[in-house]
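What follows is a set of notes on a single structure, which appears directly below.
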Amino acid sequence: MWTHVKAIVLSENILNQKLEETLDVILHSGELRYTPWMYGTSEDLKTLLTASSLLNQSVQSIELFEPVSLYRQSSEYEPIRIHFFLDGFREPASTVLLPSVATNAEAWNQESNKKPHMIYFDGLYLISKKKNTGKVSGQEADGARYVSYRKMQQYPLDLDPELKSSHVMLVRDAKSNISAVTKDNHTVTFNITVNAEATVLEDEQLASDVQLKKETERRMVEKIRYTFEQTKAKKMDIYSLEEHLYRRHLDLWKKLSKDKEHPIDNYELGEVKVNIHPVNTTTYK
């Protein structure tokens with residue numbers, strides 16, 4: 001039976017109370033492959049697992065079982081397989097980003113008058129030290145796709161979200177590098193550099209390549225800082241900064257982690273630099 005499992009959804013109660021025990025039970029059979037997708041949810045599992053699919057497609061094609069194609073089109077919340085989840089779960093300093101799924105009822109022109117429940121991603125649970133440290137969604141999670149995702153494919157970035165006449169860039173292949181510096185062995189400052197490509201999706205004002213590049217970099221820096229500030233206030237290490245110390249500065253990690261429940265209290269964000277390489281921008285003008 002376990003060999004046919006394609007997705008595992010953990011309720012929020014499990015994430016908050018019995019996560020380690022549940023994983024032990026799931027893996028105890030020895031039949032489970034290490035390829036199922038992992039999710040968390042705050043919704044009723046029966047409703048979630050009986051969700052519909054669009055246009056009479058197979059239920060196997062819904063986001064729960066085949067998230068990669070959707071992620072390639074829009075890298076909002078990165079899907080994770082159970083073996084990657086377990087790798088981070090067992091580490092003493094890692095933060096695992098577990099996608100959260102939910103359902104909504106949309107009215108589609110079908111023969112029946114019923115509104116089918118459709119699955120969508122609504123955020124990320126942050127799992128650290130074998131515990132759920134909380135959930136983030138929307139703007140709070142925006143910076144993670146540029147810094148924390150293993151492979152960010154592409155995602156639209158609105159440079160002027162409050163204006164009707166806007167510039168929208170498609171950011172691709174973001175890759176990050178983190179470095180840490182400390183002066184007093186107490187507070188650690190992390191510098192983050194992100195390199196990415198970007199293509200124009202919408203540019204009603206025909207801005208120059210230089211202007212679009214500059215604004216894209218500014219907006220990405222803004223989002224990275226905002227995500228750090230919002231999650232740090234909730235004692236969440238969304239950028240896995242503690243893991244960076246564990247891998248690169250073990251002695252310092254040991255000192256800061258000793259008798260300290262939330263090492264992130266000692267973390268600060270220093271320089272955030274984004275380097276954008278425009279791709280074929282002039283062909284859109």
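Along the sequence shown, residues are numbered consecutively beginning with 1.
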Quick one: are Leu86 and Val96 in side-chain contact, heavy atoms under 4.5 Å? no
Do Thr182 and Thr187 have side chains that approach each other closer than 4.5 Å (heavy atoms only, starting at C-beta)? no
Trp37 versus Val68: any side-chain heavy-atom pair under 4.5 Å? yes
Heavy-atom side-chain proximity of Val194 to Asn275 below 4.5 angstrom: no
Keeping the roles fixed (side chain from Ser74, backbone from Tyr71), state whether a donor-acceptor pair exists under 3.5 Å. no
Could you walk me through whether Glu20 and Arg90 pass salt bridge (Lys or Arg N to Asp or Glu O under 4.0 Å), step by step? CA-CA 10 Å; Glu20 187 171 12; Arg90 292 164 176 162; over 6 Å; no
If we ignore angles and hydrogens, is there a donor and acceptor under 3.5 Å between the side chains of Glu43 and Thr103? yes
If you measure from CG on Leu98 to NZ on Lys135, what distance do you get to the nearest 0.5 Å? 10.5 Å
Thr95 side chain vs Ser128 backbone, donor-acceptor pair below 3.5 Å: no
When you measure from the side chain of His167 to the backbone of Leu159, do you find a donor-acceptor pair of N or O atoms at a distance under 3.5 Å? no
Are His186 and Asn266 close enough that a side-chain donor and a side-chain acceptor fall under 3.5 Å? yes
Any side-chain heavy-atom pair from Thr216 and Leu157 closer than 4.5 angstrom? yes
Does Arg172 reach the main-chain N or O of Gln153 with its side chain, forming a donor-acceptor pair under 3.5 Å? no
Under a 3.5 Å cutoff, is there a donor and acceptor pairing between the side chains of Lys235 and Thr133? no
Search all heavy atoms of Val136 against all heavy atoms of Ala141 and return the closest pair with its distance. CG2-CB, 3.9 Å
Got Ile127 and Phe89 here, is their nearest side-chain heavy-atom distance under 4.5 Å? yes
Should Met220 and Ile276 count as side-chain neighbours, where that means a heavy-atom distance under 4.5 Å? yes
Under a 4.5 Å side-chain heavy-atom rule over Ile, Leu, Val, Met, Phe, Trp and Tyr, are Ile14 and Met38 clustered together? yes
side-chain contact (heavy atoms from CB on, under 4.5 Å) between Leu126 and Ile238, worked out: CA-CA 7 Å; Leu126 275 61; Ile238 196 169; 3.7 Å; yes
Check step by step if salt bridge (Lys or Arg N to Asp or Glu O under 4.0 Å) holds for Glu217 and Lys273. CA-CA 8 Å; Glu217 292 172 345; Lys273 186 176 181 180; over 6 Å; no
Distance in Å, Ser208 OG paired with Lys214 NZ, rounded so as to fall on 0.5 Å steps: 10.0 Å
Classify the angle between the aromatic ring planes of Phe190 and His244 as parallel (below 30°), tilted (30 to 60°) or perpendicular (above 60°). perpendicular
Minimum heavy-atom separation for Glu91 and Ser94, please, with both atom names. CB-OG, 3.2 Å
Are the side chain of Arg219 and the backbone of Asp158 linked by a donor-acceptor contact shorter than 3.5 Å? yes
Does Asn132 form a side-chain contact (heavy atoms from CB on, under 4.5 Å) with Leu19? I'd like the steps, not just the answer. CA-CA 8 Å; Asn132 175 32; Leu19 180 54; 5.6 Å; no
Side-chain heavy atoms nearer than 4.5 Å, only ILVMFWY residues, links allowed to pass through others: does that put Tyr120 and Tyr39 together? no
Under a 3.5 Å distance rule, please check whether Thr189 uses its side chain to pair with a backbone N or O of Leu269 as donor and acceptor. no
Go through the steps to decide whether Leu212 and Met169 satisfy the test side-chain contact (heavy atoms from CB on, under 4.5 Å), and finish with yes or no. CA-CA 8 Å; Leu212 289 174; Met169 302 292 290; 4.2 Å; yes
Quick one: does Leu10's side chain get under 4.5 Å of Tyr125's, heavy atoms only? no
Could you verify whether a donor N or O on one side chain and an acceptor N or O on the other, from Asp122 and Ser100, lie under 3.5 Å apart? yes
Can you hop from Trp253 to Val181 via hydrophobic side chains spaced under 4.5 Å? no
Take a 6.0 Å sphere around CD of Gln139 and say whether it holds more than 12 heavy atoms from other residues, nucleotides or ligands. no
Do you know the tightest heavy-atom contact between Tyr77 and Gly138? OH-N, 3.2 Å
Going from CZ on Arg248 to CD on Glu243, what distance comes out if it is rounded to the nearest 0.5 angstrom? 10.0 Å
Same cluster for Tyr226 and Tyr149 if Ile/Leu/Val/Met/Phe/Trp/Tyr side chains link at under 4.5 Å? no
When rounded to the nearest 0.5 angstrom, what distance separates OG in Ser240 from CG in Leu245? 11.0 Å
Compare every heavy atom of Pro99 with every heavy atom of Leu124, then report the nearest pair and how far apart it is. CD2-CA, 3.9 Å
Could you measure the distance from the CD atom of Glu242 to the OH atom of Tyr267? Nearest 0.5 Å is fine. 4.5 Å
Would Glu21 and Lys18 count as a salt bridge (Lys or Arg N to Asp or Glu O under 4.0 Å) if you check the C-alpha gap in whole Å, the side-chain angles of each, and the deciding distance to 0.1 Å? CA-CA 5 Å; Glu21 296 92 324; Lys18 297 183 178 181; over 6 Å; no
On a heavy-atom basis, the closest approach of Phe121 and Pro67 is CZ-CB, 4.1 Å
Please determine, by modelled atom types, if Gln154 and Ser75 share a side-chain donor-acceptor pair under 3.5 angstrom. no
First locate atom CD1 of Ile224, then atom CG of Asp142, and finally report the distance between them rounded to the nearest 0.5 Å. 10.5 Å
Ion pair Glu78/Lys151, N-O distance below 4.0 Å: no
Which pair of heavy atoms, one from Ala180 and one from Val188, lies closest together, and at what distance? CB-CG1, 3.8 Å
Run the side-chain contact (heavy atoms from CB on, under 4.5 Å) test on Arg81 and Tyr34 for me, step by step, so that the C-alpha distance in whole Å, both residues' side-chain angles and the decisive distance to 0.1 Å come before the verdict. CA-CA 7 Å; Arg81 292 191 186 272; Tyr34 277 67; over 6 Å; no
Can the positive tip of Arg150 be found less than 6.0 Å from the middle of the six-membered ring of Phe84, inside 45° of the ring normal? yes
